[in-house]
J.: 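Could you have a look at this structure, given as structure tokens, before my questions?
Just so we're on the same page: letters track the sequence lines, and every chain starts at 1. Basis for what follows: all heavy atoms, side chains included, without hydrogens, waters or symmetry-related copies.
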There are 2 protein chains.
Amino acid sequence: MNEIANRNPTLDDVAALASVSTATVSRYLNNPKVVASATGERIREAIAQTGYIPNLLAGGLASQKSKMVAVLIPHLTDSIFNDTIQTMAEELASAGTTVMMGLTGVTQEQTDQLILAAMGRRVDAIISTAPMGPQTRDLIERFPGLFIQIWELPEDPPQLAVGFSHRDVGRDVARFLQSRGYRRPLVVTADGLRARMRSEGFLEEWQALGGGNVPELWVEVPSRFGHARRIFAEMRRMAELPDVVVCGSDHLAQGVIVEAQAAGLRVPDQLAVMGFGNAQIAGDMRPTITTVDIDGARIAREAIAAIRQHSAGGKLLVNKVDVGFRLIARESA
Amino acid sequence: MNEIANRNPTLDDVAALASVSTATVSRYLNNPKVVASATGERIREAIAQTGYIPNLLAGGLASQKSKMVAVLIPHLTDSIFNDTIQTMAEELASAGTTVMMGLTGVTQEQTDQLILAAMGRRVDAIISTAPMGPQTRDLIERFPGLFIQIWELPEDPPQLAVGFSHRDVGRDVARFLQSRGYRRPLVVTADGLRARMRSEGFLEEWQALGGGNVPELWVEVPSRFGHARRIFAEMRRMAELPDVVVCGSDHLAQGVIVEAQAAGLRVPDQLAVMGFGNAQIAGDMRPTITTVDIDGARIAREAIAAIRQHSAGGKLLVNKVDVGFRLIARESA
DNA sequence: CTGAAAGCGCTTACAG
DNA sequence: CTGAAAGCGCTTACAG
């Protein structure tokens with residue numbers, strides 16, 4: 001009666017073959033220890049014979065947990081998140097959790113769309129790098145899972161934020177550059193919330209330390225290598241040339257170095273350059289790039305730890321995790 | 001009787017509120033035209049009032065199609081796939097399909113694990129950049145959805161491959177460099193199947209054209225900027241210096257240019273450099289990088305077109321789509 | 001154009 | 001340690 005011909009074998013097929021109930025097979029799959037070892041052996045064989053692959057859609061529906069986590073990032077080119085996502089994907093996958101990836105772009109609309117999609121799949125958690133508008137906040141309100149904002153540390157996160165203070169980064173960079181003797185910084189700011197926070201922090205602290213007015217140039221978010229050409233050209237047209245360019249990413253910093261060198265300027269002697277993010281290339285560039293290191297992998301691990309705790313029914317102890325940052329002085333500034 | 005208190009509203013809640021059957025609400029959601037407009041209006045209101053978000057797990061189980069597609073890539077740092085994935089994620093998301101992302105690393109085991117996970121979620125398609133071992137092939141055999149290999153064009157793809165001939169890329173690069181008058185190439189090959197194919201193609205053609213022996217240096221896959229330092233150092237120790245370095249990626253090429261310049265060599269006059277992939281930076285570097293352009297977005301679109309056709313019940317007309325490639329001559333070689 | 005009802009393939013109290 | 005059975009929240013022939 002059981003024609004397992006051209007369809008996927010089901011739990012029933014396995015159960016029948018192993019002469020046990022579906023409940024027992026299900027238990028074996030989810031918690032092998034609770035079934036007698038002899039029974040388990042028969043089930044294992046039946047699974048191998050049928051080539052059974054559990055239907056996680058059905059499992060998720062029945063158990064009310066999908067074992068999926070949504071990860072929302074703006075673009076794939078914004079490589080600053082790479083370590084975070086890489087770590088996330090690896091650790092989750094090895095725990096049997098699936099990563100649903102969403103590219104939010106820069107619009108609020110896309111973000112909300114993706115959150116809706118994630119909620120529709122009943123994901124256990126949403127991890128998002130996207131700044132939150134009021135609309136999004138309303139959505140999150142209705143999300144029964146865990147919502148984690150990463151790479152950010154807002155005043156009052158809806159549930160949990162894992163990140164660092166972008167403003168403090170800016171402040172530290174200002175102090176660092178002043179202490180190194182730089183006097184005429186040019187700040188290149190990407191047109192995004194976080195980059196702006198860093199710039200604000202920088203400008204604030206720079207003034208507080210008695211520095212003069214600081215010119216600012218803008219680029220699209222994310223700061224890319226390719227922006228350097230225009231930035232450098234605009235810089236050259238400035239009345240007074242800066243002695244250091246503060247960039248929104250290591251790739252932009254790299255671009256500025258390349259432009260400067262092509263123009264015959266020695267870096268850092270004639271023009272210093274500061275990056276952000278501590279990308280792989282920062283340490284490999286010539287000159288090596290002075291930058292701010294963010295432990296993206298740690299952000300991922302903290303987020304995952306929170307998810308596990310939440311899934312186990314535990315309450316969150318905090319609503320913010322500050323992973324901090326580290327200024328890395330290298331050759332370029 | 002209907003306490004919609006602390007649980008997610010369901011189709012039943014919406015149906016009750018709109019005084020229709022669940023079937024009608026379901027139809028309205030999936031194909032609005034088939035319900036009377038007055039009815040549709042009531043349903044729309046009920047949805048808004050309840051804040052209903054369809055459970056896609058249940059929907060997928062009932063309809064036997066998950067509206068999910070798995071995308072498998074080795075690493076996130078292997079930015080050569082960025083355009084493909086970006087396009088894929090955007091186009092699929094706007095069609096209501098979710099992207100499940102899998103990082104396969106370089107081991108066969110990880111890949112198989114992820115394919116299993118994808119099958120468990122009953123994804124409609126698996127799109128993979130991973131080279132396939134025999135194990136994987138067996139798995140694919142049992143996959144009822146569409147399996148698409150991308151960035152590759154094997155002899156006999158299990159179902160569909162969208163890519164280009166890596167060997168031909170190598171051959172074309174050889175012809176191009178010979179025609180430009182280069183005589184002593186150094187080939188830097190990444191330790192991966194596709195990069196090797198390109199190198200083989202290069203070496204074959206180079207010999208066929210009467211070129212001499214070609215030294216080869218190896219790097220880990222993927223070819224990165226950071227590999228340049230070691231490669232350049234090893235190159236300098238060679239008895240005869242090459243006149244052109246053929247790199248496995250634009251980032252590696254960029255690194256070699258930086259190293260060369262730091263050592264006081266003019267590029268391309270004293271050392272030419274050739275990249276691969278036409279990354280964004282290739283056109284922005286100084287000197288701009290001569291490379292091979294692959295239309296990653298097109299690979300994504302062809303794959304998606306195939307998925308749509310397959311989902312609509314159509315048969316695939318071909319088992320290979322060759323998107324070709326384009327050599328872009330710039331300044332570096 | 002709409003409804004009643006079966007079914008998708010699991011999980012999980014509840015009993016024993 | 002195991003089984004019978006209800007239920008998760010949808011979709012979709014089948015009728016009308």
J.: Of A:Val35 and B:Ala23, whose closest DNA chain D nucleotide lies nearer the 5' terminus?
T.: A:Val35

J.: Give a yes or no on whether the backbone of B:Pro154 and the side-chain of B:Gln149 come within a donor-acceptor separation of less than 3.5 Å.
T.: no

J.: Using atom CG of A:Asn31 as one end and atom P of D:dT2 as the other, report the distance to the nearest whole Å.
T.: 13 Å

J.: Describe the nucleic acid contact of B:Tyr52 in one word from base, sugar-phosphate, nothing, applying a heavy-atom distance below 4.0 Å.
T.: sugar-phosphate

J.: Please determine, for D:dA4, whether a Watson-Crick or G-U wobble partner exists with both distances under 3.5 Å, and give it or none.
T.: none

J.: Would one find a side-chain N or O of B:Ser63 under 4.0 angstrom from OP1 or OP2 of D:dT11?
T.: no

J.: If the C1' atom of D:dG16 is compared with that of D:dT12, how far apart are they to the nearest Å?
T.: 16 Å

J.: Mind calculating the distance between CG (B:Asn30) and C1' (D:dC10) to the nearest angstrom?
T.: 9 Å

J.: What is the separation between atom CZ on B:Arg27 and atom C1' on D:dT11, rounded to the nearest whole Å?
T.: 9 Å

J.: For A:Asp12 and D:dG3, give me the distance from atom CG to atom P, rounded to whole Å.
T.: 13 Å

J.: Does B:Arg27 reach the main-chain N or O of B:Pro32 with its side chain, forming a donor-acceptor pair under 3.5 Å?
T.: no

J.: Please evaluate the base of D:dG9 for a donor-acceptor partner in the side chain of A:Arg122 within a cut-off of under 3.5 Å?
T.: no

J.: What is the nucleic acid contact for A:Ala36, judged by heavy atoms within less than 4.0 Å: base, sugar-phosphate only, or nothing?
T.: sugar-phosphate

J.: Between the side chains of B:Glu45 and B:Gln49, does any donor sit under 3.5 Å from an acceptor?
T.: no

J.: What do you reckon, is CD of A:Gln113 surrounded by more than 12 foreign heavy atoms closer than 6.0 Å?
T.: no

J.: Nearest-Å distance, CD (A:Gln64) to P (C:dG9)?
T.: 19 Å

